[in-house]
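Following: one structure in structure tokens, then a few remarks.
No experiment lies behind these values; they were computed from the predicted model shown.
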Amino acid sequence: KGVLINLIENARAAGARDIALTIAAPDGAPVLVVRGSGRGIPAEHLARLFEPQFSTATSGTGLGLAICRRLVESWGGRITVERTPVAGTTVRVELVPAPG
């Protein structure tokens with residue numbers, strides 16, 4: 001829940017007027033995709049997005065994405081970010097399939 005709220009709040013803070021959430025489970029592995037139509041992320045910031053206390057915002061702690069990554073990885077998954085050349089960002093959370 002916290003990961004999803006953080007990703008949606010980041011999209012809103014980036015000026016997204018539209019936020020699309022997609023959930024699928026190809027091969028039994030859940031995948032959550034959050035796509036926002038906001039300003040997008042400058043290419044030079046991509047490598048630092050998950051660093052604690054890195055932020056381009058004037059408010060907040062810069063811990064949101066670092067915490068999201070730590071949580072997702074503790075579940076055995078991974079989180080990735082893709083930028084769109086014009087505007088917008090896509091965050092993909094891939095989890096491991098449930099046992100059984």
Side-chain angles (χ1 to χ4, degrees):
K1 178 179 171 183
V3 170
L4 182 57
I5 289 170
N6 185 272
L7 296 177
I8 292 170
E9 178 57 25
N10 282 357
R12 189 204 58 78
R17 301 186 104 209
D18 297 300
I19 301 170
L21 305 176
T22 306
I23 301 171
D27 303 321
V31 177
L32 166 68
V33 177
V34 179
R35 184 172 290 122
S37 65
R39 291 185 294 279
I41 298 169
E44 62 270 18
H45 292 167
L46 280 176
R48 299 193 63 204
L49 285 180
F50 295 104
E51 289 180 14
Q53 300 175 340
F54 174 77
S55 179
T56 59
T58 57
S59 64
T61 62
L63 294 174
L65 286 176
I67 291 170
C68 286
R69 175 182 255 174
R70 188 174 325 144
L71 284 170
V72 170
E73 288 179 351
S74 76
W75 303 329
R78 70 181 189 144
I79 183 170
T80 57
V81 177
E82 299 169 21
R83 63 185 292 275
T84 305
V86 178
T89 302
T90 300
V91 179
R92 183 178 178 92
V93 176
E94 299 175 55
L95 302 173
V96 293

Reported OG1-to-CG distance for the pair T90 and L7, which is rounded to 0.5 angstrom: 11.5 Å
Pairs touching residues 65-77 that satisfy salt bridge (Lys or Arg N to Asp or Glu O under 4.0 Å), sequence neighbours left out: R69-E73
Under the side-chain contact (heavy atoms from CB on, under 4.5 Å) test, residues paired with L95 that sit two or more places apart: P30, V72, W75, V93
For the student: nearest non-hydrogen atoms of G40 and P42, plus distance: O-CD, 3.9 Å
Any residue meeting side-chain contact (heavy atoms from CB on, under 4.5 Å) with L4, in chain and number order, not counting sequence neighbours: I8, L21, L32, V34
same_hphob_cluster(I5, V91) at 4.5 Å side-chain heavy-atom cutoff: no
Distance in Å, T22 OG1 paired with R92 CZ, rounded so as to fall on 0.5 Å steps: 9.5 Å
Inter-residue atom distance T89.OG1 - L46.CG, 0.5 Å rounding: 8.0 Å
Test salt bridge (charged side-chain N to carboxylate O under 4.0 Å, His left out) applied to R35 - qualifying residues, sequence neighbours left out: none
Smallest separation among heavy atoms of R83 and A43, with atom names: NE-N, 3.5 Å
Results of side chain to side chain donor-acceptor pair (under 3.5 Å) for R39 - residues two or more places apart only: none
Validation: residues 9-19 side-chain donor-acceptor distances under 3.5 Å, sequence neighbours left out:
unit_1: E9; atom_1: OE1; unit_2: R12; atom_2: NE; d: 3.1
unit_1: E9; atom_1: OE2; unit_2: R12; atom_2: NE; d: 3.3
unit_1: E9; atom_1: OE2; unit_2: R12; atom_2: NH2; d: 2.4
unit_1: N10; atom_1: ND2; unit_2: N6; atom_2: OD1; d: 3.2

ILVMFWY cluster membership beyond V33 - transitive side-chain contacts under 4.5 angstrom: V31
Side chain to side chain contact (heavy atoms under 4.5 Å, CB included) between V3 and I67, worked out: CA-CA 8 Å; V3 170; I67 291 170; over 6 Å; no
